[in-house]
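Worksheet for the structure shown next.
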Amino acid sequence: MKIDVNVLSGKVDTNYDAFNGVVNTFSITPEAGKTVITMAIPMVDIHGFWYCNMNTSQLQLMWKVDFTSAFNHGMPYLAFFNLERQLTCAIATDNLTDDTAFSAKLNQQECTYDIKIVVTGNQPFTLTVDRRYEISFQQSVAEWRKSVMPELPEFPAGAWEPVFCTWYAVHGEVTAKWVESQMRKVKALGFSTLIVDDGWCYDESKRVTPETLVNWYNRIGDWEISEVKFPDFKEHVKRVQDIGLKYLLWVAPHFFGVDSELYRQHPEWTIGNLHEGCSHLNIKCRDAVDLISEKLVKLASDNNLDGLKIDFIDVVSPSAEDPIGRDNRVLIEKLSNGLRGNAPDSLIEFRQGYATLSMLPYATQFRAGDVPFDWMMNFRRLVDLRLALGDGVPVHADPAYWSPDEYPVNVARHMMVMFLGVPMLSMDVNTMPAEHLAIVKFYLDLYREKQSLLNYGHWSIIFSSGNAGVAMVENENEMLAVIMDGSLLPKVGQASAGRKLTLLNVSADTLRLNECEAAPGDTAFLDSSKV
């Protein structure tokens, strides 16, 4: 069975064939700034699909699959697979910068998925069509990833260290006094980095509610320290650093709050309708890009910060009709190069929407999207990041946040799922119950013990009938498995044979493997090398 791949570029029509069982690659030179690619995938042994930022691998045949990618969002890769997650067909390009639109539509009459890919820009690129049925889709995406990025950049040691974030704990009520009241206990628990999130650059004290959210970002954009909340900010930063914590500030370079001085001076630098009190940066305006990037780099340098959490880079979506990928690249390069020019080991956090291969040279850590209270979705988001970015990348969990009245078993689950990445917490540690603090300390100690395995081992995912059921990391001597679906335990036992095994049981079942037993929300250890 073959697939006709039609590459339409201006007035040029070129036909290719993609055959079963092989990887076909096609070199494409665009004309007229836009390339349209079409093909039809036979609806044979297709039960699901995956693309970057889905937060699951979908076991469903959607009438239409649509997504976009560009330098600041997503990746140009789409996989179809069967019930066992064996590959049916993967389609990808190696153009990680230009805005690209993917579309797959069910064609009932022809029994096909009709594919259309639109790539903007004049840069030559390679199209890959992978039809190897004998491999998993995980292997396919890993090999494509290797083809477009053969070597990973070096990440600073601090990127692998547990993080405490102020956001869920205190929202816009954050102050220097609140931060400093927490930090010695935060350090004692095992955290090494502090992120002071939104709230530091305006005097107003507020929490996120339906009422405040309507106008939440109205004062964002000037990037000046609130002297009401943070008097003598530079000394405050030093006091936190002297405790042994790196200090990062939250910023959102695309946001122009309507009550900011920057917006009043330059409304022409913005695009789009107001949302939550702000408009968005016109990324094509180089004067604005230069001013904002220089201001944020100077903010970090003047206050001896250890880096920045750079948020909402993907707030303006890619578009094949109005491309923004290359313009966003200019901003991101200016920010990253500026921060590293002042401090080579600067920590730079990017969020999940733009935690992609194109971003690996520009950030040091890549965080799962916001999931307060929801440890199950934290697990799924971390799985998606692992599938997209692969091994050896500092993937960070979204900050764990739970009710003070939460059951200890669920506190443990929050901590365990974060082992898919670097743990992060956002709780008021001064008011946390002693039992909750003990659980946090136990798992941060375990993270330290297993840090080499977790950070540099090989990750793989076992899927159940719905979502990811197990995430496993292994090296020559040991394996650690975070188990969501207890029915998959035999597969874990088989994979870990002859090695030490650590089981983190977030399922609802008691797990038993040889002499090893783990109750729901418990952790167990087994030395299979002696069995």
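The figures here come from the full heavy-atom set of this structure, side chains too, leaving out hydrogens, waters and symmetry mates.
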Practice item. Compare every heavy atom of Ser140 with every heavy atom of Arg132, then report the nearest pair and how far apart it is. Key: NH2-CA, 4.4 Å
Point to revise | Distance-minimising heavy-atom pair for Tyr362 and Ile348 | key: O-CD1, 3.6 Å
Check your understanding: Considering all heavy atoms of both residues, which atom of Leu335 and which atom of Pro253 are nearest to each other, and what is their separation?
Key -> CD1-CG, 4.1 Å
Point to revise | Heavy-atom pair with the smallest gap, counting every atom of Ser426 and Tyr168 | key: OG-N, 3.0 Å
Practice item. Please examine the side chains of Gln108 and Trp63, heavy atoms only from C-beta on, and report whether any two atoms are closer than 4.5 Å. Key: yes
Practice item. Give a yes or no on whether the backbone of Thr93 and the side-chain of Trp144 come within a donor-acceptor separation of less than 3.5 Å. Key: yes
Review item, side-chain donor-acceptor pairs of residues 518-525, under 3.5 Å, at least two apart:
residue, atom, partner, partner atom, Å
Thr523, OG1, Tyr443, OH, 2.7

Check your understanding: Do Lys34 and Glu321 touch side chain to side chain, with heavy atoms closer than 4.5 Å?
Key -> yes
Check your understanding: Is the Tyr51-Phe102 ring centre distance short of 6.0 angstrom?
Key -> no
Practice item. Quick one: pull up CG in Leu78 and CG in Asp66 and give me the separation to the nearest 0.5 Å. Key: 10.5 Å
Check your understanding: With no hydrogens and no angle check, is any side-chain donor or acceptor of His396 less than 3.5 Å from a backbone partner on Ala159?
Key -> yes
Check your understanding: Does the ring center of Tyr401 lie less than 6.0 Å from the ring center of Phe373?
Key -> yes
Check your understanding: Shortest non-hydrogen contact from Trp250 to Ala252?
Key -> CZ2-CB, 3.7 Å
Check your understanding: With side chains defined as the heavy atoms from C-beta onward, is the minimum distance between Thr128 and Asp94 less than 4.5 Å?
Key -> no
Check your understanding: Would a distance-only check, ignoring hydrogens and angles, find a side-chain to backbone donor-acceptor pair under 3.5 Å from Asp398 to Val371?
Key -> yes
Point to revise | Sub-4.5 Å side-chain heavy-atom contact between Phe255 and His280 | key: yes
Check your understanding: Are any of the side-chain heavy atoms of Phe125 and Asp98 separated by less than 4.5 Å?
Key -> no
Review point. Do Ser293 and Leu331 have side chains that get closer than 4.5 Å, going by heavy atoms?
Key: yes
**Study point:** NZ/NE/NH1/NH2 to OD/OE distance under 4.0 Å, Arg351 and Asp314
**Key:** no
Practice item. Look at Arg512 together with Asp509 and state whether they make a salt bridge at an N to O cut-off of under 4.0 Å. Key: no
Review point. Any side-chain heavy-atom pair from Ile271 and Lys284 closer than 4.5 angstrom?
Key: no
Review point. Does Arg326 make a cation-pi contact with Phe71 (under 6.0 Å, within 45 degrees of the axis)?
Key: no
Study note, to complete from the structure: Per salt bridge (Lys or Arg N to Asp or Glu O under 4.0 Å), Arg499 is matched among Glu474, Glu476, Glu478 by Glu474
